[in-house]
Structures are given as C-alpha cells and as structure tokens.
Participant: 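Structure incoming, see below.
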Amino acid sequence: MRLSNRSKAPVYNFVNTLLLMMVVFGIAAFLLNEYRFQAVGKISYLLLIVPILILGLFYLNGRQIFEYDSDGEALNFKNRNIIPFLDKPLHDEFPKYKLIEYEIVSIFFLRRLYVKITSKNSGSTMLKYDISYLTGKEVNDLKLSLNKVVKTNKEKND
C-alpha cells in the first residue's frame with residue numbers, strides 16, 4: 001500500500017508564505033503604531049504575538065510531507081519538511097519482517113508515529129515520524145497496513 005500527502009505541498013507552501021507575510025505585516029504595523037501613530041495602545045503587542053504564535057504552531061507540528069510504501073518485501077518511510085533547509089529529511093527502508101510494533105500518539109494537534117524494529121546491534125530501535133498533517137482516513141489506512149504487517153510477523157514468529 002502506498003500513502004503520500006506530497007500532493008498537498010503547494011497548499012503547505014502557500015500557508016507558510018501567508019504566515020510569514022502576516023508576521024512581517026504585524027511587525028510593520030507594530031512599529032508604525034509605536035513610533036508614529038500611537039493609535040491602538042497596548043493592544044499593538046498582539047500584532048506581534050498572534051502571528052508569531054501561529055507560525056510557531058505551524059513549525060512545531062513537525063514535518064509536513066509523509067510518504068509510506070509497503071509494496072514488496074520492504075517498508076519505506078519518508079518524512080520531510082516543505083522548507084528543505086529547516087530539517088533534515090527522514091528516509092528509512094527496512095524489510096517487513098523487522099517490524100515489531102508501532103504506536104500512534106496524538107496530543108492535541110500533534111500526531112507522531114513510533115515504529116519499533118529489530119536491530120542487530122541493540123536488539124530493537126525506535127523510529128519516529130511526524131504524521132500531524134495526515135487526514136483521519138490516511139491515518140486509518142496507515143494503521144490497517146501496519147497492523148497487517150505486525151500480525152504476519154507475529155504469526156511467523158510463533
């Protein structure tokens with residue numbers, strides 16, 4: 001099964017640009033109010049705080065683009081940011097039989113996928129992916145595919 005939200009990258013770029021413009025205009029409006037017009041008063045600090053908070057939430061949500069491929073004998077995970085220099089992209093590929101378990105953690109607006117695989121050196125390794133920008137249907141499809149792989153692995157080991 002293949003799962004990707006790469007087609008939504010232009011939307012995420014637009015939102016990112018819009019948020020950056022809001023921050024720049026907020027700073028300009030704040031400076032104009034403080035040094036020239038004095039029209040708004042103390043509320044002018046909201047012109048700085050609100051856009052910066054929204055932009056911060058956008059970046060704290062994690063990497064926007066998530067790709068998953070379970071076709072064939074390997075699992076392939078890719079997780080990257082729309083801004084290339086902001087984060088190093090994650091790319092992991094390993095055989096299906098190495099998958100032990102997975103867990104999806106949701107806290108407010110953040111969603112993370114933790115994948116536990118067997119490793120030669122340390123016994124097991126935990127891999128982390130940001131899936132906050134996946135829709136509910138995409139998350140359910142991901143769960144179904146990973147459940148199938150985990151179930152197959154448990155049957156083979158027993």
Participant: How far apart are the C-alpha atoms of Ile65 and Asn5, what are their side-chain angles, what is the distance that settles it, and do they pass the side chain to side chain contact (heavy atoms under 4.5 Å, CB included) test?
Facilitator: CA-CA 6 Å; Ile65 307 300; Asn5 67 343; 3.9 Å; yes
Participant: Could you tell me whether the side chain of Ser132 and the main chain of Arg111 form a donor-acceptor pair under 3.5 Å?
Facilitator: yes
Participant: How are the rings of Phe66 and Phe77 set to each other: parallel, tilted or perpendicular (split at 30° and 60°)?
Facilitator: tilted
Participant: Mind listing the closest non-hydrogen atom pair of Phe58 and Val15 along with its distance?
Facilitator: CE1-CG1, 3.9 Å
Participant: How many angstroms lie between CD in Gln64 and CG in Leu86, if you round to the nearest 0.5 Å?
Facilitator: 8.0 Å
Participant: I would like to know whether Arg63 and Tyr133 meet side chain to side chain contact (heavy atoms under 4.5 Å, CB included); could you show each step before the answer?
Facilitator: CA-CA 8 Å; Arg63 295 174 175 93; Tyr133 291 94; over 6 Å; no
Participant: Measuring from atom CG of Asn140 to atom CG of Leu134, what distance do you get when rounded to the nearest 0.5 angstrom?
Facilitator: 11.0 Å
Participant: Would Ile54 end up clustered with Tyr12 when hydrophobic side chains under 4.5 Å apart are linked, directly or stepwise?
Facilitator: yes
Participant: Kindly state whether the ring of Tyr102 and the ring of Tyr114 have centres lying under 6.0 angstrom apart.
Facilitator: no
Participant: Indicate, with yes or no, if Met21 and Leu47 share a hydrophobic cluster defined by side-chain heavy-atom contacts under 4.5 Å among Ile, Leu, Val, Met, Phe, Trp and Tyr.
Facilitator: no
Participant: Do you know the tightest heavy-atom contact between Ile52 and Val23?
Facilitator: N-CG2, 4.1 Å
Participant: Between Ser145 and Tyr68, is any side-chain donor less than 3.5 angstrom from a side-chain acceptor?
Facilitator: yes
Participant: Got a second to check how far Lys148's NZ is from Ser70's OG, nearest 0.5 Å?
Facilitator: 7.5 Å
Participant: Does any part of the side chain of Pro89, heavy atoms only, come nearer than 4.5 Å to the side chain of Asn81, both counted from C-beta?
Facilitator: no
Participant: In terms of hydrophobic clusters joined by side-chain contacts under 4.5 Å, are Leu32 and Leu48 together?
Facilitator: no
Participant: Can you find a pair of side-chain heavy atoms, one from Lys8 and one from Thr135, that are under 4.5 Å apart?
Facilitator: yes
Participant: Does one hydrophobic cluster hold both Phe37 and Ile43, with members joined at side-chain heavy-atom distances below 4.5 Å?
Facilitator: no
Participant: Is it true that atom CZ of Phe109 has more than 12 heavy atoms of other residues, nucleotides or ligands lying nearer than 6.0 Å?
Facilitator: yes
Participant: At their closest point, which heavy atom of Leu99 faces which heavy atom of Asn153, and how far apart are they?
Facilitator: O-ND2, 2.9 Å
Participant: Do Ser44 and Glu34 have side chains that get closer than 4.5 Å, going by heavy atoms?
Facilitator: yes
Participant: Rounded to the nearest 0.5 Å, what separates atom CG in Asn16 from atom CG in Leu20?
Facilitator: 4.5 Å
Participant: Answer yes or no: is there a donor N or O on one side and an acceptor on the other, between the side chain of Asn33 and the main chain of Ala29, under 3.5 Å?
Facilitator: no
Participant: Hey, could you give me the CG/CG distance between Asn79 and Leu127, rounded to the nearest 0.5 Å?
Facilitator: 11.0 Å
Participant: Assess whether side chain to side chain contact (heavy atoms under 4.5 Å, CB included) is satisfied between Leu113 and Lys128, documenting all intermediate values.
Facilitator: CA-CA 6 Å; Leu113 170 66; Lys128 182 184 106 172; over 6 Å; no
Participant: Assigning hydrophobic clusters by single linkage (Ile, Leu, Val, Met, Phe, Trp, Tyr; side-chain heavy-atom cutoff under 4.5 Å), is Phe108 placed with Leu110?
Facilitator: yes
Participant: Work out which heavy atom in Ser7 is nearest to a heavy atom in Pro10; give both atom names and the distance.
Facilitator: O-CD, 3.4 Å
Participant: Are Asp71 and Arg2 close enough that some pair of their side-chain heavy atoms sits under 4.5 Å apart?
Facilitator: yes
Participant: Please check if atom CD in Glu155 has more than 12 non-hydrogen atoms from other residues, nucleotides or ligands closer than 6.0 Å.
Facilitator: yes
Participant: Set out, in order, the CA-CA distance, both residues' side-chain angles and the distance that settles side chain to side chain contact (heavy atoms under 4.5 Å, CB included) for Ile83 and Tyr59, then state yes or no.
Facilitator: CA-CA 10 Å; Ile83 303 171; Tyr59 289 133; 3.4 Å; yes
Participant: Is the number of heavy atoms from other residues, nucleotides or ligands within 6.0 Å of CG (Leu144) greater than 12?
Facilitator: yes
Participant: Hey, are the side chains of Asn61 and Asp130 touching, using non-hydrogen atoms and a 4.5 Å cut-off?
Facilitator: no
Participant: To the nearest 0.5 Å, what is the distance between CZ (Phe14) and CD1 (Ile82)?
Facilitator: 12.0 Å
Participant: Only one of Ile49, Val50, Leu55 passes side chain to side chain contact (heavy atoms under 4.5 Å, CB included) with Leu53; say which it is.
Facilitator: Ile49
Participant: For residues 84-104, which residue pairs qualify under salt bridge (Lys or Arg N to Asp or Glu O under 4.0 Å), counting only residues two or more places apart or in two chains?
Facilitator: none
